[in-house]
Each structure stands twice: as structure tokens, then as C-alpha cells.
There are 2 protein chains.
Amino acid sequence: MIKNLRIKDIAKLAGVSPGTVDRVIHNRGQVTEENRLNILKIIEEVNYKPNLLARSLANKKNYLIVSLCPGFNLQNDYWKAPDHGIERAAREISDYNISVKRFYFDQFSVQSFKKQLKEILELNPDGVLLSPVFREETIDFAQKLDEKQVPYIFIDSNIDGLNNLSYLGQNSFQSGFLAARLLSYSTPADSSILIVQIGGSEPSNQAIRREEGIHNFLSQTPGKYYYTHIDLDTQNPKSKANFSEQISKGDVKGIIVINSKAFEVATIMNDLGIRDKNLIGYDLLPENIKYLKEGLISFLIAQRPEEQGYKGIMSLFNSLVVKSKVEKNNYLPIDILTGENIDYYLNYI
Amino acid sequence: MIKNLRIKDIAKLAGVSPGTVDRVIHNRGQVTEENRLNILKIIEEVNYKPNLLARSLANKKNYLIVSLCPGFNLQNDYWKAPDHGIERAAREISDYNISVKRFYFDQFSVQSFKKQLKEILELNPDGVLLSPVFREETIDFAQKLDEKQVPYIFIDSNIDGLNNLSYLGQNSFQSGFLAARLLSYSTPADSSILIVQIGGSEPSNQAIRREEGIHNFLSQTPGKYYYTHIDLDTQNPKSKANFSEQISKGDVKGIIVINSKAFEVATIMNDLGIRDKNLIGYDLLPENIKYLKEGLISFLIAQRPEEQGYKGIMSLFNSLVVKSKVEKNNYLPIDILTGENIDYYLNYI
DNA sequence: CTGAAAGCGCTTACAG
DNA sequence: CTGAAAGCGCTTACAG
């Protein structure tokens, strides 16, 4: 239990005043090279660690961290969990003169995204947490932040080749691979598997990568399964009828829904009285959870969405205040949920 | 962004000095009832939140938190992860005048446990994190801590009916239930399941509860599976031979090892060239992980051991310093690991 | 280029 | 029972 030395002690060792030591620590210049080197040497030798409490208390600087994520509502609450994590982190670090301002955009509107980016830039934040849904706009925004030397972090999805401090999210390919693996445990050889994309719109980059992962796994067991990709638009009666026909076939034993809407398939299975298929989906939407508990969905795969928000803010905090290194790629664990462990997962934190 | 009021502001509002406000906040008495009530009212009204940084910085009090867990080594590193979590938490809160001292005991020796408890009591700690392996000794110890009003937390296993601030660990029954559930996905009806306890010694409370969970699940599908409990002592050639014979039977399709030594079964399967059975185990010992990746173990079930240590210390910190409420029962998520997601789980943090 | 002084919000003796 | 003062370790103008 060696008591940490203080700036005052370093100053005494170096034969200067605390102010000079502080200037060296913060690279504020105005110190002779000789003093600077000597102080740095002492700091190194005694392994000086600043007291962050005192630093934050004395520091007049207020850091502004801004987050921009898709909004959420009762119909689609996927983004509620990250938002919750952001808020929890904000509370934890508020004493450190850090305020976190949360912005939201409509994930189907580039315009709303651009509008918020503009507002954020005008605020001159010290750090940004961002869900980079729209590629070009994000690249442009990132460039502007780079110029201002403002750190930014991506969550949920990533854009390669940018200077983001970190990415927090899933490895989609691997989570697809895992889904196929889980299905293979319970699916007999020679049966059919449906890979379903739901929603009538373009699949997200995430969904595409998941499907690649699924294909990759299935290609390792050649000839064992037949599989078909289906686009299901539940708003379109024809699409729905076609899907109902497909899923009713006896040789179809497994279904993987590659976006977060597995509950739509569960609903159809429920209506048709189908119970003998294994359905695997992603993300802990309330309706997915409901069907998981009822047994219509066998597995849900999740990526700690609350953690993404929490850790994203904490990483910015660490970078700005603690000045500690932040991992650039931070893949979150790929969690497997069943009716048996879901409650423990949800209750935790 | 309303700036938080300070003690000084409260004092002004109440027409007293900061010292008096402080006396009220900390129940140090020596304040007229009239002033006390008035100050409390104002604190309530303006929703005063103390600045923890300033509080800790000014506070001369040094908190001592002590942990007592089983030691670990290369052969048995189960307790390495909790220890790591304890250390991480200690680092994070060291600025708050908190030091964490870690004690270890031999989990097979009551004597070593008792010896450490005695030492700990002599240190007069402000909080204790404990793995209550030995029941009677823990009850006695807990009573002494109760008398001193020292908060204590149990991790990994629990003892009911004590005044521990919190319990952090798994719900063993449910994790057994889940293991049986996972096995049922891939095990055809009418096949046999082995439930294996390894080690020649008494099964732990945890293992017993897991087996109860397994039985509970299996009893919900009556007649679907045959199952047998086997005690395997790998040091005993006869026990090993008997086990090898059992596991070689064609109708045995699934094995659950109810303690952390699934790798022993995997080794035997490996030696015998058996590849067509599903093996499920617990805990992320290096050898278990090795066989999980090789596919000899289908699933491992884990309970975030690192988190148990981390959160245990943080809960004591929250109770002692932040003065926030701590949940008494904190079951950790029951995580399902396969060869596909294990690396993301291990890399995380 | 350097040091002395004041202040961050809170706590703790001390004097009255 | 109460208030003024000093101090926690660090930062920030300010004067020289």
C-alpha cells in the first residue's frame, strides 16, 4: 500500500512548483526542455498516476458527448436498450463534468439523419457516439469530426476505413454461422431450411452478412441440407400466402430469420398450427421474447444492445477524461437465448 | 442542463453554514430539530445530489474491502476469473480511497478457510466479498460481521437466511434445467442420457441443484429418455472402466457433467474414438474450452465468473460510498457457449 | 519560463 | 448548537 505520489511531491523531487509539473503533464509548453525532461523522468520513475477525482473537480472544462441513434417506439423498440445503456453511462460519469445529449433520427429517412448531423456539428461536441445507418452521410460527417479532432464511435453497425475510435457491435457473419450451427443440432439430414428476410425492403448490411455466415456453415456440410432464401413481406397477401405454403411442407424442419422480425414467422406458424419446426431469430424485441418463451422460437441470438450504448459512452469517457487506450474493434459476445435463460439475461444489470 | 446545487447553495437557502448542512446530510447530530427538518426539506425540494468526487477527495476515511475466495492454479483455474474481476473493480475505484485486499483459501480445507476468516476479522474491514464454501464457518463469520455492521456479499454459491447484502451467482437449478433442454434438442427419443458427477468426492451443493434441474426437465417429457446418474472417479481404474463401458453403449446419446470437469469425459470419448454423443458441461476451464472448440463438447454453460467478482466489489462500493441500494439476489445470466461464440465471450471486457 | 494563489465541492477539526 | 477555516489533489489565470 504505497501511497500514490502527488503533483506536489513530483514538484519537490524536481525542484520546481506544482504549476510547472502540471504544464509538463498537459503539454502546455512554457517549460525549459531541461525541466521538462527531468519531470517526465521522475513521473516515469515513480509511476505517477493522477487522481482523476481531483482532476475532474478542479477542471472547469465541461465535456459534451453526443449520441445519435435511431428512435424507438412501441412498434420497434430495438433501439431502446442501447439508449438505456447510454443513459446509465451518462448518470455514472455526470460528476466528471460530462453531459451526454441524446439525438434520434428516423432510420428510414436520410433527411432526418442529415439534419441531426448538422445540429450536432453546430454543438461542437467533444465526442460522438453514432449508429452509422447511412453510409455516405456518415463518411462526410466523420471527415468533419476528424478535422476538428473529435473522437467518434460507431455502434451496432460499422463502416470500414474511417478513423472511428472504436466500433462496438456484433460480428454479423459469425452470428449467422452460429445460427446455422444451432439449427444443425436439431435438424435431421436431408431436410430443408428456410432463410427468411422479412419486411419488403432491402436487407440491411447486417442481414446480408448473417446470411453469408449461414451459407458458410451449411457449405461445410455439403449435401446435408437443402436451403432456400425467401423474402417475406407480411403486408403483401401474395407473399404471405407463398410463404405459408413453403413453411407447411413436411421436409422443412428449420427456419432462420436474418433480421429482427422472427416473431412474424412465429405468428404465421401459430396461425397454421405448425409446431414441429425449429425457428431461430435475432434480437430481443418483446414479441420475439414472447414466442421464445412459448417455445415457437427455439433460439434468439442477441448482442448485448444495452452494453453497446453503455460501453460506447464509457469508451469516449475513457478517451477524453481517463486518457486510456480504447480498443478499435470491440465485438460483443454473441449470446444464445432460450426460454430457459432469457429471464436471467433480461433481469441482469 | 440545470446545474446541480451545492452544499453552499443549500446552506444559503436555509440560512445556515455549509457545516450545518453537512451535519444534517451525514446525521452527525448537533443541529436543532428545526434546522434539520428545514434543511432536509430543501434537499428534497431541489433534489440535491452530492458530488461524489468532491466527497471522496475531502474524505479522509479509507475504506478497506476484503475478498476471500478459493485459490487457483494451473490445474484448477476456475477462480481466476472472479479474482480478475475483483482486481479490475479495485483499480476502477482506487481513487475513491478504497483499497481491496484479496485473501485466498484452499477449497478443500476448512482449516485454511477458518484461518483466513480470523485474519480478516482482525483487519476490521469495511466490507467483505466471500465465497461461502463452508457453511457453518460462514454462518459464524456472518454473525460477527452483523454485530460490527459490516456489509458482506456472497459470490458463486449462497447460504440462505443470512443478512448478506447481496448474492451474486447462478441459479443452479435453472442452469441444470437449461442443460437438459439443450440436450433434448439434439437427442432422439428413447435414447439414454448419462448424468455424470466427476471427482470421487461429495458433489457440491451446486452440482446437486443442477441435477435437480435436469431431473425436473426430464420429468416433463416422461418416457422420452432413460437417464442414469454415474459417479466417475478418473483416478480409480475400475470406475473409469465402468464408465467407458457405459458410454460406449449405442443408445447413450447425451451426457451432462454436473460439475466443471466435462473435459474428463471428453478425454475418454476422445481415447475411445467416440464422436456421436452430445456432451454438455459447465464452466470455462481451459480444457473444457479446448474440447468445446474441437467439437467433443457441444455446449458449455457459464455464469460470467469475472462479473461475479467485479460486480461484487462494485456493489460494496455502491453501498459504502455511493450509498445506493443493492439488489439482494443477483442471479447472473446463464450463458450458453459453443465453439462458434466462445471466442467473443472470452475476448470481451 | 516560473511560482504563488485561488478555487472545484465536500469534510473535518476547532473555537466559540 | 454553529460557523469559519483549512485541506483533499489538481488546474487555472495572474503577476512577474
Side-chain angles (χ1 to χ4, degrees), chain A residues 2-40 42-43 46-63 93-99 320-323, chain B residues 2-40 42-43 46-63 93-99 320-323:
Chain A
I2 301 129
K3 198 80 189 133
N4 233 320
L5 293 194
R6 303 153 301 171
I7 282 193
K8 204 196 268 189
D9 303 314
I10 310 274
K12 196 169 284 174
L13 287 172
V16 297
S17 75
T20 301
V21 175
D22 191 72
R23 264 170 225 127
V24 171
I25 289 174
H26 293 97
N27 275 316
R28 295 202 265 119
Q30 301 188 303
V31 183
T32 55
E33 189 62 8
E34 191 197 340
N35 267 342
R36 200 178 72 87
L37 292 176
N38 184 230
I39 290 170
L40 284 176
I42 295 175
I43 285 178
V46 303
N47 188 23
Y48 170 71
K49 295 266 176 278
N51 182 320
L52 292 185
L53 305 196
R55 175 176 285 179
S56 286
L57 193 59
N59 216 320
K60 253 105 185 171
K61 172 138 186 62
N62 265 290
Y63 292 97
I93 59 180
S94 67
D95 276 346
Y96 289 87
N97 308 324
I98 296 182
S99 48
L320 292 167
V321 178
V322 186
K323 318 269 186 206
Chain B
I2 300 127
K3 198 81 189 129
N4 233 320
L5 292 196
R6 302 154 301 172
I7 282 194
K8 204 198 273 189
D9 304 315
I10 310 274
K12 195 168 286 175
L13 286 171
V16 297
S17 76
T20 301
V21 176
D22 192 72
R23 263 170 226 125
V24 172
I25 289 174
H26 293 98
N27 274 315
R28 295 200 265 119
Q30 300 190 304
V31 183
T32 56
E33 190 60 9
E34 189 197 342
N35 267 343
R36 201 179 71 85
L37 292 176
N38 184 228
I39 290 170
L40 284 177
I42 294 175
I43 285 178
V46 304
N47 188 24
Y48 169 72
K49 295 265 174 279
N51 183 322
L52 292 185
L53 305 197
R55 174 176 286 179
S56 286
L57 192 60
N59 216 320
K60 254 107 186 168
K61 172 136 186 62
N62 266 289
Y63 293 98
I93 59 180
S94 67
D95 276 345
Y96 290 87
N97 308 325
I98 296 181
S99 48
L320 292 167
V321 179
V322 185
K323 319 269 185 204

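Just so it is clear: chains get the letters A, B, ... in the order the sequence lines come, proteins before strands, and each one is counted from 1. Not measured: the values here are computed from a predicted model.
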Exam field: side chain B:N35 to backbone B:T20, donor-acceptor pair closer than 3.5 Å: no
CD1 of A:I25 versus P of D:dC10: gap in Å, rounded? 7 Å
B:R36 CZ - D:dT2 C1' separation (whole Å): 17 Å
Would a 4.5 Å heavy-atom cut-off, applied to side chains only, mark A:I25 and A:I7 as touching? yes
Is it the case that the side chain of B:D95 and the backbone of A:N51 share a donor-acceptor pair, with hydrogens and angles ignored and the cut-off at 3.5 Å? no
Proximal nucleotide (of D:dC8, C:dT2, D:dT2) relative to the A:K8 side chain: D:dC8
Does any non-hydrogen side-chain atom of A:L13 lie less than 4.5 Å from one of A:L5? yes
Whole angstrom value for the distance that separates P of D:dC8 from CG of A:L52: 18 Å
Closest nucleotide among C:dC10, D:dC10, C:dC14 to the B:R23 side chain: C:dC14
So which one's nearest nucleotide on DNA chain D is more toward 5', B:A54 or A:K61? B:A54
For A:V24, the option from A:I39, A:V16, A:I42, A:L37 that meets side chain to side chain contact (heavy atoms under 4.5 Å, CB included): A:I39
On DNA chain D, check which nucleotide each of B:L57 and A:D22 is closest to and give me the residue with the more 5' one. B:L57
Under 4.0 Å between a side-chain N/O of B:N51 and OP1 or OP2 of C:dC8, yes or no? no
Does B:N59 put a side-chain nitrogen or oxygen below 4.0 Å from OP1 or OP2 of C:dT12? yes
What parts of residues 10-19 of chain B reach DNA chain D, counting only heavy atoms under 4.0 Å away? B:V16, B:S17
Taking a pair as Watson-Crick (N1 to N3 plus N6-O4 or O6-N4) or G-U wobble (N1-O2 and O6-N3), both under 3.5 Å, which stems of 3 or more consecutive pairs involve DNA chain C? C:1-3 with D:14-16, C:5-12 with D:5-12, C:14-16 with D:1-3
Nucleotide C:dG7, atom P - distance to CD1 of A:I7 in whole Å: 19 Å
Taking only residues at least two apart or on different chains, which pairs with a member in residues 8-21 of chain A satisfy salt bridge (Lys or Arg N to Asp or Glu O under 4.0 Å)? A:R6-A:D9
Whole-Å distance separating the OH atom of A:Y96 from the C1' atom of D:dG9: 13 Å
Quick check against the 3.5 Å criterion: does B:N97 have a side-chain atom that pairs as donor or acceptor with the backbone of B:N59? yes
Check every strand shown and say whether A:Y48 touches a base, only sugar-phosphate, or nothing at a heavy-atom separation below 4.0 Å. sugar-phosphate
Measure the distance from CG on B:N38 to P on D:dC1 and round it to the nearest whole Å. 16 Å
Whole-Å gap separating P (C:dT12) and CG (B:N27): 14 Å
By nearest atom, which of the nucleotides D:dG3, C:dC1, D:dC10 is closest to the A:T32 side chain? C:dC1
Between atom CD1 of A:I10 and atom CG of A:D22, what is the distance when rounded to the nearest 0.5 Å? 12.0 Å
Nearest-angstrom distance from the residue atom CG of A:D9 to C1' of D:dC8: 13 Å
Do A:S94 and A:Y96 touch side chain to side chain, with heavy atoms closer than 4.5 Å? no
For C:dT2, does OP1 or OP2 lie under 4.0 Å from any side-chain N or O of A:N35? yes
Nearest non-hydrogen partners of B:S56 and B:V321, listed with the distance: OG-CG1, 4.1 Å
Using OP1 and OP2 only, check whether a side-chain N or O of B:R6 sits under 4.0 Å from C:dG9. yes
Under 4.0 Å: is that the gap between some side-chain N or O of B:T20 and OP1 or OP2 of D:dG3? yes
